[in-house]
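This structure is a prediction, so every number in the text was calculated from the model and none was measured.
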Amino acid sequence: MEILLGGLSVAIQVSNSYLRYLPFTGKITDEEITKLRRGFLICAVASCTFYSFLFLRYGITAPLYKNILIFGNFQWVIISVWAIRRSIYQHIFVFGMAGIWTLILHNFDAIIIVSIFETEREILFSNAVLYMILFALSLPLSRKFFLKILPPKKFFDEYGKISAFLPFIMTVGVILLWAQEPLIHTWQERFSRFYLPFAFLMFYQHIYKTTEQLQERRRMAQNLRLMQEQLSTLSEYNLLIQENNEKVFVMRHDLRHTFRLLYMMIQEKKFDDAKEYLRKQEKLLGETAVKSFCKQPLINAALSIYVARAKKAGIKINHRINLPVEISTDENDLALLICNLLENALNAASKQAQDKKQISVIVQNFDGQFVLEISNFCKEKIIFDEKNYPYTSQEGHGLGMASLKIFQEKYNAYVDFSQFEDTFKVTMYWQD
């Protein structure tokens, strides 16, 4: 029974670790999952061996069992923090909320067990078994809570980092009482712990509502940023038109002089010189043209600007644009999406070797089906999260992905990111 209780103690700690894992599932990477599994496996084997040795050496006693459950959780928390590189305040908050949930289950567990069993060994062993049963029965509810329980890092920055410690502080008093010597506490003490479910639900509701408000503020800030990008795009496109118009004005001003030079060359039979002069004038005239990619002004402006930027940066852009005159997709949305994706592609391409500085852009509409594909060389290994989105933990990144997700939700678009050899590609399909 000592060895079995050691295994059950590890099972309880694994279940607690699973609760602490759930809030991070949305953005956890394959590399982090691998590290987490490896760390948990080593910890499980070591803990099971150590706990079994303690029970065999000192016997199955309430103080030993309680200390194992209380202090045995910390190595699992350390592994989670090591494997899942997120804000320490997020980990502390999740640790506290999981602690509250665990104490709720232990409280119900204790009330049932002491009503049936009498000896210490029976109570402790049954406690471990019943806890796992209660955990399994409550798993659908706990998953619902913990999958949505994690506020963004910005929440603690704006509302105070002390809020990350509040759930843990709420559990300290109960843990100190629970860890005392008596195996069986009074009914008054046990029922007094029923304030925990109410505290948990109230705090959860507060965090959930506050997080919604924060996300709404972020959406408003994102919309403002998108409008600013739109104005910036139009301003830059206007400057591009003005520069080319100035060149055309100069050419028109020099047109009489050009005709005189050509007339003199033809009279003097300098036909090769005349041809070369015409070739230079044709090249100069080509530089003043603003290429029209499509009939939609904003989309055309976005493509013109980034093609011009790529040309200045020595990056080759291969493009295939085929759009009908009328489209149902909001032109503003599509233009901003193209701007964000091309901005990312230009940044990545600029870091490559000169012969690898290439970008491919495809924007087409076939029978109302939109296809958008942008690819570029990228030698660096891209990390993808569980939803197959490119992931980075660096601050200040990810705004382009935020606008892409807004577009995806609005138009129910299919999005696929991939990296094959040295080519990174984003492909999108949606019904126009």
Side-chain angles (χ1 to χ4, degrees), residues 225-254 276-323 331-364 372-380 382 390 392 394 396-401 403-404 419 422-426 428:
R225 190 185 69 85
L226 292 178
M227 286 189 288
Q228 289 172 340
E229 280 189 11
Q230 182 178 340
L231 290 173
S232 176
T233 300
L234 290 174
S235 298
E236 190 171 347
Y237 185 67
N238 187 47
L239 287 175
L240 187 64
I241 296 293
Q242 287 182 1
E243 288 176 3
N244 290 330
N245 285 340
E246 288 175 2
K247 291 180 181 178
V248 171
F249 178 78
V250 172
M251 289 187 66
R252 290 182 63 184
H253 184 267
D254 294 340
E276 179 63 21
Y277 184 76
L278 283 171
R279 188 188 65 78
K280 291 180 179 178
Q281 291 299 308
E282 184 180 13
K283 182 180 178 182
L284 183 61
L285 187 62
E287 291 176 354
T288 64
V290 177
K291 182 176 176 59
S292 178
F293 297 93
C294 59
K295 298 295 184 181
Q296 291 73 27
L298 284 177
I299 298 173
N300 186 67
L303 291 167
S304 299
I305 288 168
Y306 280 93
V307 167
R309 287 184 185 179
K311 185 177 180 181
K312 290 180 180 178
I315 300 172
K316 181 181 179 182
I317 287 191
N318 300 312
H319 51 79
R320 189 159 74 248
I321 315 299
N322 181 21
L323 295 180
E331 185 183 343
N332 296 338
D333 295 338
L334 184 54
L336 290 171
L337 176 67
I338 291 172
C339 285
N340 278 302
L341 293 178
L342 284 178
E343 181 74 29
N344 292 340
L346 282 176
N347 288 336
S350 64
K351 300 174 184 177
Q352 310 305 314
Q354 187 59 46
D355 60 331
K356 298 292 185 181
K357 291 185 176 182
Q358 295 184 32
I359 297 174
S360 173
V361 183
I362 298 174
V363 186
Q364 299 195 83
L372 170 61
E373 180 184 289
I374 297 179
S375 60
N376 58 273
F377 282 97
C378 184
K379 204 168 186 179
E380 295 79 15
I382 303 297
T392 176
Q394 298 180 29
H397 291 260
L399 291 176
M401 290 300 101
S403 62
L404 182 144
Q419 185 178 29
D422 290 340
T423 300
F424 175 79
K425 180 189 296 184
V426 55
M428 297 183 66

Grab the two heavy atoms, one from M428 and one from L337, that are nearest each other, plus how far apart they are.
-> SD-CD2, 3.8 Å
Heavy atoms only: give me the nearest F293-V307 pair and the separation to one decimal.
-> CZ-CG2, 3.7 Å
Criterion side chain to side chain contact (heavy atoms under 4.5 Å, CB included) on T423 and F377, from CA distance to verdict | CA-CA 5 Å; T423 300; F377 282 97; 4.2 Å; yes
One should read off an interatomic distance between I305 CD1 and N300 CG, to the nearest 0.5 angstrom, of 9.5 Å
Any side-chain heavy atom of Q419 within less than 4.5 Å of one from E380?
-> no
Take I317 and V361, measure what side chain to side chain contact (heavy atoms under 4.5 Å, CB included) needs, and give me the verdict at the end.
-> CA-CA 7 Å; I317 287 191; V361 183; 4.2 Å; yes
Heavy-atom check, side chain of I359 versus side chain of I315, under 4.5 Å | yes
Validation row: Q296, L323 side chains within 4.5 angstrom (heavy atoms) = yes
Answer yes or no: is there a side-chain heavy-atom contact under 4.5 Å between K316 and K357?
-> no
Can you name the nearest heavy-atom pair linking L346 to Y306, along with the distance?
-> CD1-CD2, 3.3 Å
Heavy-atom check, side chain of F424 versus side chain of S375, under 4.5 Å | no
Applying salt bridge (Lys or Arg N to Asp or Glu O under 4.0 Å) to E343 and not counting sequence neighbours gives R309
One should read off an interatomic distance between I362 CD1 and I374 CD1, to the nearest 0.5 angstrom, of 10.0 Å
Between CG of N347 and SG of C378, what distance do you get to the nearest 0.5 Å?
-> 11.0 Å
Are any of the side-chain heavy atoms of N376 and K356 separated by less than 4.5 Å?
-> no
Decide side chain to side chain contact (heavy atoms under 4.5 Å, CB included) for L303 and L342; before the verdict, give the C-alpha distance in whole Å, the side-chain angles of both, and the deciding distance to 0.1 Å.
-> CA-CA 9 Å; L303 291 167; L342 284 178; 4.3 Å; yes
